[in-house]
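Take a look at the structure below.
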2 protein chains.
Amino acid sequence: MIEPFDDTYFMKKAMQEAEVAYEQGEIPIGAIVVVNNQIIARAHNLTETLNDVTAHAEMQAITAAANFLGGKYLIDCTLYVTIEPCQMCAGALFWSQLSRVVYGARDEQRGCIAMGTKLHPKTKMEGGVLSAEASQLLKQFFIEKRNLN
Amino acid sequence: MIEPFDDTYFMKKAMQEAEVAYEQGEIPIGAIVVVNNQIIARAHNLTETLNDVTAHAEMQAITAAANFLGGKYLIDCTLYVTIEPCQMCAGALFWSQLSRVVYGARDEQRGCIAMGTKLHPKTKMEGGVLSAEASQLLKQFFIEKRNLN
């Protein structure tokens with residue numbers, strides 16, 4: 001049976017958010033939250049626009065999803081994010097108790113795996129979905145930034 | 001020489017924020033951000049009111065301080081928080097690159113020390129300022145919660 005709503009489908013939606021960030025001069029990372037195959041939150045990094053280090057895509061997606069659901073726990077939700085979450089975002093995901101995190105590319109230096117951040121025991125994390133696309137967009141962003149400066 | 005603006009002075013201001021949280025039925029944790037002996041941000045935990053696990057006192061204080069300063073890095077700032085920051089908040093503090101974190105009481109279970117969260121190399125962290133008062137307020141809150149339920 002063909003499953004139209006698979007991880008690749010949803011990661012493409014997160015990638016679209018990353019592309020919006022890119023066009024705005026933001027580090028291009030996007031995130032969405034899904035419950036029962038429905039997207040309930042879409043967000044992208046806004047740290048430059050908001051002048052706020054806490055405005056990562058995941059943080060805004062968590063806040064927006066809780067707002068949609070009317071409760072602060074994201075028990076049956078999956079978060080798709082184009083780059084592996086950092087300590088802050090993984091820490092927020094811990095508190096949200098969501099079921100599943102799917103990331104695109106690893107962040108070998110500042111990602112939660114390298115940093116040893118703990119997720120909630122209820123949360124499963126997987127990676128590698130559209131990894132090449134996600135890391136390519138990020139690389140392209142930093143190459144352009146360097147050339148502009 | 002008497003220094004009126006010492007760590008105890010500023011922690012009392014953070015405790016006042018924790019007390020506001022307490023009165024609102026929020027887990028009583030308060031935080032302030034100080035630069036050159038001036039308080040530039042005051043915040044308390046609002047996770048219940050905002051239905052948002054990311055609404056910790058420190059997160060809001062970081063956002064408010066950056067807003068006040070007009071830049072997202074809190075290089076010369078000190079954050080006073082009544083309870084040791086969690087993974088999420090320590091992760092946010094990492095990104096903010098602030099100079100100093102002073103906390104009141106340890107959080108032996110969910111605090112950033114037990115969880116192994118990394119602060120920025122530029123950031124120094126100290127604790128134990130008004131520790132007894134901060135943990136007493138927290139204990140009292142949970143005793144009352146239990147008695148109400």
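Proteins get letters first, then strands, A, B, ... in listed order; numbering begins at 1 in each.
Both B:V102 and B:I29 belong to a common hydrophobic cluster when Ile, Leu, Val, Met, Phe, Trp and Tyr are linked at side-chain heavy-atom distances under 4.5 angstrom. With hydrophobic clusters built from ILVMFWY side chains whose heavy atoms lie under 4.5 angstrom apart, B:I32 shares a cluster with B:I27. Put simply, B:Y80 and B:I39 are part of the same group of oily side chains (I, L, V, M, F, W, Y) that touch within less than 4.5 Å, one to the next. No continuous path of hydrophobic side-chain contacts links A:M11 to A:V20 [ILVMFWY only; heavy atoms under 4.5 Å]. Neither A:L93 nor B:L50 shares a network with the other; the hydrophobic side chains, linked directly or stepwise wherever heavy atoms of I, L, V, M, F, W or Y lie under 4.5 Å apart, form separate groups for each.
Among B:A66, B:C89, B:A65, B:G70, the residue with the largest count of heavy-atom pairs under 4.5 Å with chain A is B:G70. Your options are A:H56, A:R110, A:Q97, and the one with the most heavy-atom pairs under 4.5 Å with chain B is A:R110. For the set A:A55, A:C112, A:S96, the entry with the most heavy-atom pairs within less than 4.5 Å of chain B is A:S96. Across B:G71, B:A90, B:G116, the residue that shares the most heavy-atom pairs under 4.5 angstrom with chain A is B:G71.
In this structure, A:M59 and B:M59 approach most closely via the heavy-atom pair CE-CE, 3.4 Å. Of all non-hydrogen atoms in A:A92 and B:M88, the two that sit nearest each other are CB-SD, 3.5 Å. In terms of heavy atoms, B:D52 sits closest to A:K72 at N-CB, 3.7 Å.
Taken from CG in B:N51 to OH in A:Y73, the straight-line distance is 9.5 Å, to the nearest 0.5 Å.
Contact annotation: the side chain of B:Q87 never approaches that of A:W95 to less than 4.5 Å [non-hydrogen atoms, C-beta and beyond].
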